[in-house]
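A note on names: the letters A, B, ... follow the listed sequences, proteins ahead of strands, and every chain is numbered from 1. These numbers come from the heavy atoms of this one structure, side chains and all, not from hydrogens, waters or symmetry mates.
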2 protein chains.
Amino acid sequence: MVRAPSTSGSSQGLFDLDLEGAIELIKKSGARTVGVQVPEGLKRIASDLAGEIEEKTGCEVIVSGDPCYGACDVDLDLCRAADLVIHVGHSEMLEGDPLSDKVVYVEARMRADVREAIEGAADDLLSARRVGVVTTVQHVHKLAEILEVLKGRGIEGVVRPGGRTRYPGQVLGCNYEAARNADVDTYLFVGTGQFHPLGVALATGKRVIAADPVTGNFSVIDTAQILKRRYGAIARAIDAERIAVIVSKKPGQRRMELARRMISLGMERGKRMVLVYLDRMEPDALVNLGVDAAVSTACPRIALDDQAKYPVPVLTPPEFEVLLGGRKGDYLLDEIE
Amino acid sequence: MVRAPSTSGSSQGLFDLDLEGAIELIKKSGARTVGVQVPEGLKRIASDLAGEIEEKTGCEVIVSGDPCYGACDVDLDLCRAADLVIHVGHSEMLEGDPLSDKVVYVEARMRADVREAIEGAADDLLSARRVGVVTTVQHVHKLAEILEVLKGRGIEGVVRPGGRTRYPGQVLGCNYEAARNADVDTYLFVGTGQFHPLGVALATGKRVIAADPVTGNFSVIDTAQILKRRYGAIARAIDAERIAVIVSKKPGQRRMELARRMISLGMERGKRMVLVYLDRMEPDALVNLGVDAAVSTACPRIALDDQAKYPVPVLTPPEFEVLLGGRKGDYLLDEIE
């Protein structure tokens with residue numbers, strides 16, 4: 001493990017990256033051109049990484065300049081241009097494009113101490129003697145320690161395998177398989193931000209406590225606001241006549257068959273449906289197309305987290321089924337399996 | 001020729017598209033899935049076009065949702081997903097990716113009357129009895145009429161073949177070959193906006209009069225402001241230590257060898273150079289990479305027209321050579337041949 005090069009004012013100083021392992025792999029592979037893809041939060045280290053790889057391997061290095069937020073978003077054009085691609089910060093996704101065989105995943109492990117936030121949350125957890133434990137790839141190496149801290153407070157932590165995730169207990173913005181079948185009423189999410197624990201709460205309908213190892217704080221996730229906004233978006237789409245169904249070009253988000261099913265459902269109800277293929281979902285795309293609403297089969301979080309940016313309602317596939325009257329019952333989070 | 005479907009408030013009512021021809025081609029090709037790519041200014045007709053093609057051919061239609069500003073930007077992912085792609089509004093570019101063999105180009109012909117603007121400009125032109133005539137693909141069908149109007153005022157119009165353009169007299173934002181070797185001191189540009197005639201003036205160093213067939217007005221192009229801004233950008237890049245060299249993924253903008261030459265030049269002068277491959281050049285890309293300046297081998301107009309959007313100087317390759325002291329003399333516009 002080497003420490004990621006530290007540059008001023010950004011967060012990568014908190015992470016360990018196994019760059020040495022990647023450099024060994026590059027040397028063994030005989031690659032002459034190496035691609036480097038880094039997520040937005042770590043982008044500032046990209047040119048240092050490129051310099052280090054060039055220096056230690058003699059390869060030409062090409063950095064991916066497009067935004068990247070997950071392993072769903074491997075830069076396939078970079079895979080075409082390079083012999084090998086180093087993808088930093090995300091764990092491997094099991095399916096994908098054959099081109100992604102060229103990808104070497106270098107995960108980023110956060111060094112933050114998980115103990116303080118979990119100790120703080122434990123009092124709230126104590127009413128549940130058994131809790132499901134989930135986290136993101138940045139903290140999966142801390143799972144044993146998390147279970148131990150819980151045990152010290154008399155709480156049994158349950159870790160379940162995930163779906164398209166690489167590690168047990170690991171969740172993604174689009175996949176909460178690891179937060180299922182745990183037979184618990186409460187989940188403990190360890191990690192930063194509200195993005196993932198909100199997904200856990202929506203996916204399971206259970207109580208979720210988020211413990212943040214960077215701040216040392218914890219919070220109980222409230223889904224009321226987001227559910228209100230989602231039902232609001234569905235309601236605003238009722239009169240939509242012209243509806244775009246979005247399919248992402250990103251290899252881990254490309255759900256063409258699901259999109260075709262949405263097109264059929266809409267047409268059966270007399271809607272004017274248009275199938276739209278794009279790399280990056282953006283407000284301008286919908287403005288320029290002149291549609292009244294969109295159903296996004298791309299990243300499920302676009303509709304949930306970014307609706308305010310869009311001029312028209314953007315629904316997930318299950319929300320679109322609610323709109324058309326074909327689905328009843330509890331709110332169903334869109335996940336990519 | 002069929003009239004483009006007219007929808008409210010947008011400009012496509014001014015254009016004729018030969019959609020019938022494209023539909024015949026689709027039927028003959030045996031295609032089952034057809035892609036449709038439309039530039040931003042005509043995007044609103046995309047879903048109507050898709051509906052018409054579906055109805056008349058029985059094919060599934062997929063619309064490209066990413067921005068498109070030229071034939072340099074054929075959607076290769078759409079080419080991979082569809083059997084045939086209808087690319088609207090631009091003329092074919094002669095080089096490109098093998099995938100672009102799937103593309104059928106449907107040009108948009110503007111119906112606007114060119115006579116009024118040229119008659120108005122003629123008084124200014126009269127000092128030159130011989131002028132070079134250039135235009136964009138939307139007006140190339142009017143070239144004979146343009147020459148006739150000029151002749152009526154005693155002016156000889158000279159039309160020269162272009163480079164990567166399909167028609168004599170046609171210019172692109174990145175190519176002014178048709179404005180060379182005309183042995184004239186003045187060019188008449190017929191078309192809308194300042195984007196193309198500014199390019200003619202920078203590429204030739206000659207006087208350029210732009211006649212706008214939509215407004216009926218004409219203007220004489222002044223390059224002083226843009227040249228001042230460009231030399232300002234070069235001056236601001238003098239102390240840059242870390243410099244990104246941008247290569248575009250777009251098939252008609254991908255200049256990897258030129259980028260490699262820029263990397264070498266910069267390294268010889270002790271700069272820290274990083275090679276960046278991206279689909280869409282945007283301010284955030286440079287902010288996140290933390291570079292002090294960029295050299296863009298993508299669309300030459302990014303540096304010229306959009307510099308104000310960027311937090312750091314963005315130079316064209318010839319401007320970078322000026323910065324490094326390797327090039328003297330008149331301002332040299334970056335063009336893609």
Less than 4.5 Å to any heavy atom of chain B: does that hold for the side chain of [X], its backbone, both, or neither?
X        : answer
A/Ala244 : neither
A/Met256 : side chain
A/Val274 : side chain

Hey, which of [options] has the most heavy atom pairs under 4.5 Å with chain B?
options                     : value
A/Glu60, A/Met273, A/Glu282 : A/Glu60
A/Glu40, A/Glu54, A/Met281  : A/Glu40
A/Val36, A/Val291, A/Asp75  : A/Asp75

Scan A/Leu49, A/Ile26, A/Leu25 and name whichever one has a side-chain contact (heavy atoms from CB on, under 4.5 Å) with A/Ile86. A/Ile26
Atom CG in B/Leu78, atom CG in B/Leu84: separation rounded to 0.5 Å? 10.0 Å
Check ion pair [X]-[Y] (N to O, under 4.0 angstrom):
X        : Y        : result
A/Lys250 : A/Asp73  : yes
A/Glu257 : A/Arg261 : no
B/Asp66  : A/Lys249 : yes

Chain A contact via B/Asp284 - side chain, backbone, both or neither, heavy atoms under 4.5 Å: neither
For B/Val245, is it the side chain, the backbone, both or neither that has a heavy atom under 4.5 Å from a heavy atom of chain A? neither
Could you walk me through whether B/Asp334 and B/Arg255 pass salt bridge (charged side-chain N to carboxylate O under 4.0 Å, His left out), step by step? CA-CA 12 Å; B/Asp334 177 32; B/Arg255 296 189 286 176; 2.8 Å; yes
Without hydrogens or angle criteria, can the side chains of B/Ser47 and A/Arg272 be said to hold a donor-acceptor pair below 3.5 Å? no
With a 4.5 Å cut-off on heavy-atom pairs, point out which of B/Gly65, B/Gly51, B/Ala50 contacts chain A the most. B/Gly65
